Visitor: 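If you scroll down you'll find the structure; I have some questions about it.
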Amino acid sequence: MSTAESATSTATRRTPGLVPVTETMRTTERAEEPAIDHPAAAGPSAPSGRGSAARATWAFCRLLSSELGLTFRRPRNLVMLAVLAAVPVVIGVALRLVGGSDDGMGGIIQAVAGNSLMLTFVSFSFLVLLLMPVAISVVAGDSIAGEAGGGTLRYLLAAPAGRTRLLAVKYLNAVVYAYAVTAVVALSALLTGLALFPAGPVTLLSGTTIPVLDGLVRIAITVGYVGAGMAALAAIALALSTFTEVSIGAIAGTMVLVIVCQVLRAIPELGSITPYLLPTKFTNFDAVLRSPIDTGALADGLLTFGAYILLFGTIAWARFSGKDITS
């Protein structure tokens with residue numbers, strides 16, 4: 001073998017199933033970094049493991065930032081945010097028109113007409129059981145399956161990103177989007193309520209009246225609670241996403257699970273399992289409308305969300321860490 005042929009074979013690596021990747025100085029240095037960072041390999045003057053940890057943290061943040069940028073630039077996700085923002089406006093206008101008619105006002109209409117802040121809670125009551133889960137399922141269900149279906153998952157893992165780190169980034173991206181959805185709904189409802197209905201002291205379900213500032217604090221608590229519920233749903237969608245290479249399968253599977261839970265909740269004979277169903281806890285945010293706030297109901301809901309996140313996060317990690325990536 002000639003010298004030129006030997007250099008060519010050394011400069012080109014062939015990975016089974018992948019196209020040849022030319023070795024560059026940057027990839028060579030990246031491969032040698034762990035050995036350089038190790039104190040035993042470089043002597044007493046070598047940097048400690050803190051430098052390696054800092055680089056790993058920086059790489060994680062860069063990967064997360066890139067993922068968030070892709071998520072919030074994707075037209076489909078922006079359209080879902082716009083639709084969810086429009087729903088509180090439609091609800092507010094409808095309640096305003098009904099409230100002005102001669103047909104009388106129901107309890108919900110009367111509550112919203114009496115104070116603009118109540119529109120936020122009414123909007124969450126309408127959206128948290130269906131439309132918001134759809135948006136979260138689309139983003140989280142597409143996270144792994146979308147990469148596999150598009151043929152980019154194998155190359156993304158060869159970056160190298162690491163399976164656990166990539167899975168954590170995908171989940172955190174879905175969580176950020178979940179809180180963005182929740183905040184958009186709350187902000188739209190709040191602005192619509194202030195434009196259509198009077199602002200003033202809020203009358204709670206318990207009959208107690210609280211000042212506007214206290215009402216805003218309770219809205220913030222609601223946003224945090226509902227966002228946590230959507231984060232739990234994102235964990236389910238992410239787990240399903242690791243079992244398929246077709247994102248619509250993970251999205252549809254998550255929504256079918258939500259709908260089945262809703263059906264089970266409607267069957268009185270199955271009341272014993274209702275407290276353990278995830279959608280049951282979505283509406284526990286009404287605990288903030290009591291005086292004092294029912295912290296027990298909120299804590300119970302957050303504990304359930306945490307259990308679902310831990311369970312389905314573990315399932316997603318176990319499946320993804322041992323999965324044979326072929327696409």
Side-chain angles (χ1 to χ4, degrees), residues 15 17-18 30 33-34 52-74 76-77 80 133-182 227-258 278 302 304-327:
T15 303
L18 296 180
R30 182 182 301 168
E33 281 180 359
S52 178
R55 279 193 295 274
T57 303
W58 172 247
F60 181 87
C61 292
R62 287 188 62 185
L63 186 60
L64 178 59
S65 176
S66 175
E67 189 70 23
L68 290 172
L70 291 174
T71 298
F72 286 94
R73 285 196 302 265
R74 185 167 294 178
R76 176 194 65 189
N77 299 338
M80 289 190 297
V134 168
I136 306 308
S137 299
V138 168
V139 173
D142 186 59
S143 56
I144 300 297
E147 298 283 1
T152 58
L153 182 58
R154 190 172 185 173
Y155 296 95
L156 186 59
L157 288 175
R163 297 196 180 197
T164 300
R165 182 168 65 178
L166 179 62
L167 192 67
V169 165
K170 292 291 187 180
Y171 179 65
L172 288 178
N173 174 71
V175 170
V176 172
Y177 188 80
Y179 272 98
V181 165
T182 309
M230 295 299 104
L233 184 65
I236 297 176
L238 180 66
L240 294 179
S241 183
T242 62
F243 284 88
T244 180
E245 295 184 357
V246 182
S247 58
I248 189 64
I251 297 169
T254 306
M255 288 312 305
V256 167
L257 180 62
V258 172
L278 183 61
L302 292 175
T304 301
F305 298 156
Y308 270 87
I309 292 172
L310 180 61
L311 173 62
F312 285 93
T314 302
I315 292 173
W317 178 83
R319 169 62 178 172
F320 190 58
S321 61
K323 182 179 182 181
D324 185 16
I325 306 299
T326 58
S327 57

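No experiment lies behind these values; they were computed from the predicted model shown.
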Visitor: Could you tell me whether the side chain of F305 reaches within less than 4.5 Å of the side chain of L233, counting heavy atoms only?
Guide: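 SC-SC contact between L233 and F305 ruled out.
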
Visitor: On a heavy-atom basis, which atom in G227 and which in A178 lie closest, and how many Å separate them?
Guide: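 Where G227 meets A178 most closely, the heavy atoms are O-CB, 4.4 Å.
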
Visitor: Within the side chain of T57, is there an N or O that forms a donor-acceptor pair under 3.5 Å with the backbone of A53?
Guide: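 Yes, T57 side chain to A53 backbone: donor-acceptor pair under 3.5 Å.
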
Visitor: Without swapping roles, check the side chain of Y308 against the backbone of G229 for a donor-acceptor pair under 3.5 Å.
Guide: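 No: the side chain of Y308 does not pair with the backbone of G229.
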
Visitor: Among L311, L257, I136, which one satisfies side chain to side chain contact (heavy atoms under 4.5 Å, CB included) with I236?
Guide: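 Testing each of L311, L257, I136 against I236, the sole residue satisfying side chain to side chain contact (heavy atoms under 4.5 Å, CB included) is L257.
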
Visitor: Is a side-chain donor or acceptor of T152 paired with a backbone partner of E147 at a separation under 3.5 angstrom?
Guide: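 Confirmed, T152 side chain pairs with E147 backbone.
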
Visitor: Going by heavy atoms in the side chains, are M80 and V139 under 4.5 Å from each other?
Guide: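 Result yes, sub-4.5 Å side-chain heavy-atom pair found.
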
Visitor: Could you tell me if the side chain of I315 sits less than 4.5 Å from the side chain of F243, heavy atoms only?
Guide: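 They are in side-chain contact.
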
Visitor: Hey, are the side chains of L238 and F312 touching, using non-hydrogen atoms and a 4.5 Å cut-off?
Guide: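 Heavy-atom side-chain distance check fails, nothing below 4.5 Å.
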
Visitor: To check you understand the geometry: which heavy-atom pair defines the closest contact between A237 and A250, and what is its length?
Guide: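 The pair with the smallest heavy-atom distance is O-CB, 4.2 Å.
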
Visitor: Hey, what do you get for OG1 (T314) to CD1 (I309), rounding to the nearest 0.5 Å?
Guide: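 It comes to 11.0 Å.
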
Visitor: Quick one: does V258's side chain get under 4.5 Å of V134's, heavy atoms only?
Guide: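 SC-SC contact between V258 and V134 ruled out.
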
Visitor: Is the side chain of Y177 donor-acceptor paired with the backbone N or O of L172 at a distance under 3.5 Å, no angle test?
Guide: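 Side chain of Y177 to backbone of L172, a donor-acceptor pair under 3.5 Å: no, none is there.
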
Visitor: Once you round to the nearest 0.5 Å, how far does OG of S241 lie from CZ of F320?
Guide: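 One gets 9.0 Å once the value is rounded to the nearest 0.5 Å.
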
Visitor: Looking only at atom types and distance, does a side-chain atom of S66 sit under 3.5 Å from a main-chain N or O of L63, one as donor and one as acceptor?
Guide: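 The answer is no, because no donor-acceptor pair under 3.5 Å joins these two groups.
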
Visitor: Counting only N and O atoms by type, is there a donor-acceptor contact under 3.5 Å from the side chain of S65 to the main-chain atoms of R62?
Guide: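 No.
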
Visitor: If you take all heavy atoms of R165 and A59, which pair is closest and at what distance?
Guide: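 Minimum heavy-atom separation between R165 and A59: NH1-CB, 3.5 Å.
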
Visitor: Go through R74 and D142 one step at a time and tell me if the side-chain contact (heavy atoms from CB on, under 4.5 Å) criterion holds.
Guide: CA-CA 12 Å; R74 185 167 294 178; D142 186 59; 3.1 Å; yes

Visitor: Would you say that more than 12 heavy atoms from the other residues, nucleotides or ligands in this model lie under 6.0 Å from the CZ of R76, or not?
Guide: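 Yes, the 6.0 Å shell around CZ holds more than 12 heavy atoms from other groups.
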
Visitor: For T242 and L167: C-alpha separation, side-chain torsions, deciding distance, then whether side-chain contact (heavy atoms from CB on, under 4.5 Å) applies.
Guide: CA-CA 10 Å; T242 62; L167 192 67; 4.3 Å; yes

Visitor: Write down the atom of S137, the atom of M255, and the distance for their closest heavy-atom approach.
Guide: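 Shortest heavy-atom contact: OG-SD, 3.5 Å.
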
Visitor: Identify the two heavy atoms, one from L68 and one from N173, that lie closest to each other, and give their separation to 0.1 Å.
Guide: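 Residues L68 and N173, closest heavy atoms: CD2-OD1, 3.2 Å.
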
Visitor: Any idea which heavy atoms bring G146 and S247 closest together, and the distance?
Guide: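 Smallest heavy-atom distance, with atoms named: N-CB, 4.1 Å.
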
Visitor: Do R319 and I144 have side chains that approach each other closer than 4.5 Å (heavy atoms only, starting at C-beta)?
Guide: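 Answer no - side chains too far apart.
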
